[in-house]
Amino acid sequence: MEPQARSVTEHVERVLALVTPLRSEEQELEDALGAVLAEDLYATASVPPFDGAAMDGYAVRLADLPPDGSPVTLQVTGDVAAGESGPATVGPGQALRIMTGAPLPSGADAVVPVEHTSTGRFVAGAPRTEPSVTLARQPRAHVRGAGEDVRQGERLARAGTEVTAALVGALAASGTVRVPVRRRPLVAVLSTGSELVPAGEPLGPGQITDSNGPMLAAAARAAGADVVRLGPVPDDPAALRGALDEAVRSTGAGRPGADLIVTAGGVSAGAADVVREVLAASAPGADGGSSTTDVDVATVAMSPGKPQGLARWRGVPWLALPGNPVGAYASFELFARPAIDRLRDKQGPVRHHPTFAAAAGWSGSPGRLRVVPVRLVPLADDGATDSTAPSAVGVVPAGSNHALSALAAADGLALVAPDVEKVRIGDPVRVLMLR
Ligand SMILES: Nc1nc2c(c(=O)[nH]1)N[C@H]1C(S)=C(S)[C@@H](COP(=O)(O)OP(=O)(O)OC[C@H]3O[C@@H](n4cnc5c(N)ncnc54)[C@H](O)[C@@H]3O)O[C@H]1N2
Ligand code: MOO
């Protein structure tokens, strides 16, 4: 009899209990894209650092411009360009030509854009000699105030934030050159199965190409980890133990031991299910020693991805995922990715699981969370005029649930709750987005 299946939520909790965040280290800001901040970061300088022009035009004194908007003619006494720091001053009745980004000269408190003046436009490269300009008060001052964007000492990002290109920009603007980040996790990816042949090698009778190895390695990299790929390992306990030892050992070439082991295959009820065998043989108290601890083999209420194993190999957290490739990938997204996030101490935003309307109906066996590769499709013309509205997008299954080709074509994984028997057209469907 099959044991009571464990919920996905409970399995996630057990996965998270196995891993703890890695130590932090300093990294050059320019190399930190995708890393996770280990501390809150504060602006070391204000942005912009000075009051400056937001438009090309004339720096003026508002006191010279009649409040009723009637034009006035001012004497043009010179130029201020971006990057200039000269002691330019605008006196009463005067104006200075000023370019966007240039510091506002003393005396001036507004910029009038050139297109709203008698000059009309500045010609790039041409000498500017107009002795005077006629202009009028504008509704806006077109001045960017010092610290308007960021004030020195203001918090720019919280610990746990993943560094994006925009954050690199914001940190650079405020004078940051090095950032404290979590060390990048090293994930060992290991596929098991005597039928497996590395990609590119000819297949003998009964053999198949190892797709889980390259796929899970790619998924781990996409989740922000470095990867050491081992195997495929044949269905032989000694070979598997050897590979697990290699995964956790640091090598002479400077590779540290893995922070997390992810295996695929051999975790079900088959006679050759070697992962299950190694877990059982080395569980504490059993013969074979205690290189494996915290063993937890479970049937999880999801499909695909039902058989799962958790343990530590010589202290290193080990997620044993099922071999069926779609199940392995679904398990990666639901269990291994949160484990990697925790190693990186990555905090929210909560993983985005938007809801779309089903654009086709489908059924499946209730009682488990069904993970269905789906594609986003425009909904049939429903009279909506705005084709970019979210309601104009729905989901359809991307192909057979167990086919890698469907997974490859999928925009996301629909997560259909265990109590739902049939998904009908128009039903809301929660989707774990993959792109
Ligand atoms: N009697 C039972 N049999 C099975 C059960 C069960 O509950 N009772 N569960 C089924 C489910 S669900 C799954 S999933 C599989 C998982 O089994 P394993 O984790 O032991 O995986 P394998 O048997 O090693 O492989 C399953 C399947 O996937 C192919 N495979 C494995 N590794 C790779 C790889 N690296 N690249 C490509 N394909 C791979 C393998 O050849 C098998 O076809 O067990 C069911 N059986
Ligand atoms: O759990 Mo298996 O992955 O359903 O195919």
Side-chain angles (χ1 to χ4, degrees), residues 1-8 11 187-201 203-220 227 229-237 239-240 243 247 261-281 295-311 318-336 364-373 397 399-408 410 413-416 418:
M1 263 236 341
E2 207 174 11
Q4 175 76 36
R6 172 186 293 172
S7 74
V8 167
H11 197 64
V187 175
V189 172
L190 206 158
S191 27
T192 71
S194 293
E195 74 279 26
L196 301 175
V197 170
E201 290 187 14
L203 297 181
Q207 293 186 320
I208 59 166
T209 300
D210 172 17
S211 54
N212 284 340
M215 175 177 69
L216 297 175
V227 171
R229 201 148 81 67
L230 301 164
V233 180
D235 294 322
D236 165 32
L240 176 58
I261 303 167
V262 175
T263 60
V267 77
S268 185
D273 280 340
V274 66
V275 167
R276 190 93 175 226
E277 192 180 334
V278 167
L279 287 172
V295 175
D296 176 11
V297 177
T299 297
V300 175
M302 64 185 274
S303 177
K306 188 175 64 151
Q308 300 284 341
L310 301 177
W318 170 14
L319 273 53
L321 314 182
N324 151 26
V326 179
Y329 188 81
S331 308
F332 182 93
E333 288 297 331
L334 291 175
F335 308 127
S365 338
R368 297 181 183 170
L369 181 85
R370 269 112 62 211
V371 185
V372 182
S400 158
N401 268 9
H402 291 272
L404 257 186
S405 55
L407 188 58
L413 299 175
L415 304 173
V416 181

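Both ligands and their constituent atoms are indexed starting at 1 by order of listing.
Contacts between His402 and ligand 2 below 4.0 angstrom, taking non-hydrogen atoms only, involve the side chain exclusively.
The shortest side-chain heavy-atom distance between Phe335 and Leu310 does not fall under the 4.5 Å cut-off. Between Glu277 and Leu240 there is no side-chain heavy-atom pair separated by less than 4.5 Å.
Of the N or O atoms in Ser303, none lie within a sub-3.5 Å distance of an N or O in ligand 2. Polar contact check, Met302 against ligand 2: no nitrogen or oxygen pair lies under 3.5 Å apart.
Those atoms of ligand 1 that come under 4.0 Å of a heavy atom in Ile208, given as number and element, are 37 (C), 38 (N), 39 (C), 41 (O). Heavy-atom contacts of Lys306 reach the following atoms of ligand 1: 6 (C), 7 (O), 12 (S) (cutoff under 4.0 Å). Those atoms of ligand 1 that come under 4.0 Å of a heavy atom in Thr209, given as number and element, are 36 (N), 37 (C). Within ligand 2, the atoms closer than 4.0 Å to a non-hydrogen atom of Pro307 are 1 (O), numbered from 1 in the order shown. Taking every non-hydrogen atom of Gly305 and a distance limit under 4.0 Å, the qualifying atoms of ligand 2 come out as 1 (O), 2 (Mo), 3 (O), 4 (O).
Of the options Gly266, Ser211, Pro304, Gly231, the smallest heavy-atom separation from atom 37 (C) of ligand 1 is shown by Ser211.
Without hydrogens or angle criteria, Thr209 side chain to Leu196 main chain gives no donor-acceptor distance under 3.5 Å.
Looking only at protein heavy atoms, the nearest one to atom 4 (O) of ligand 2 is Pro304 CA, 3.1 Å.
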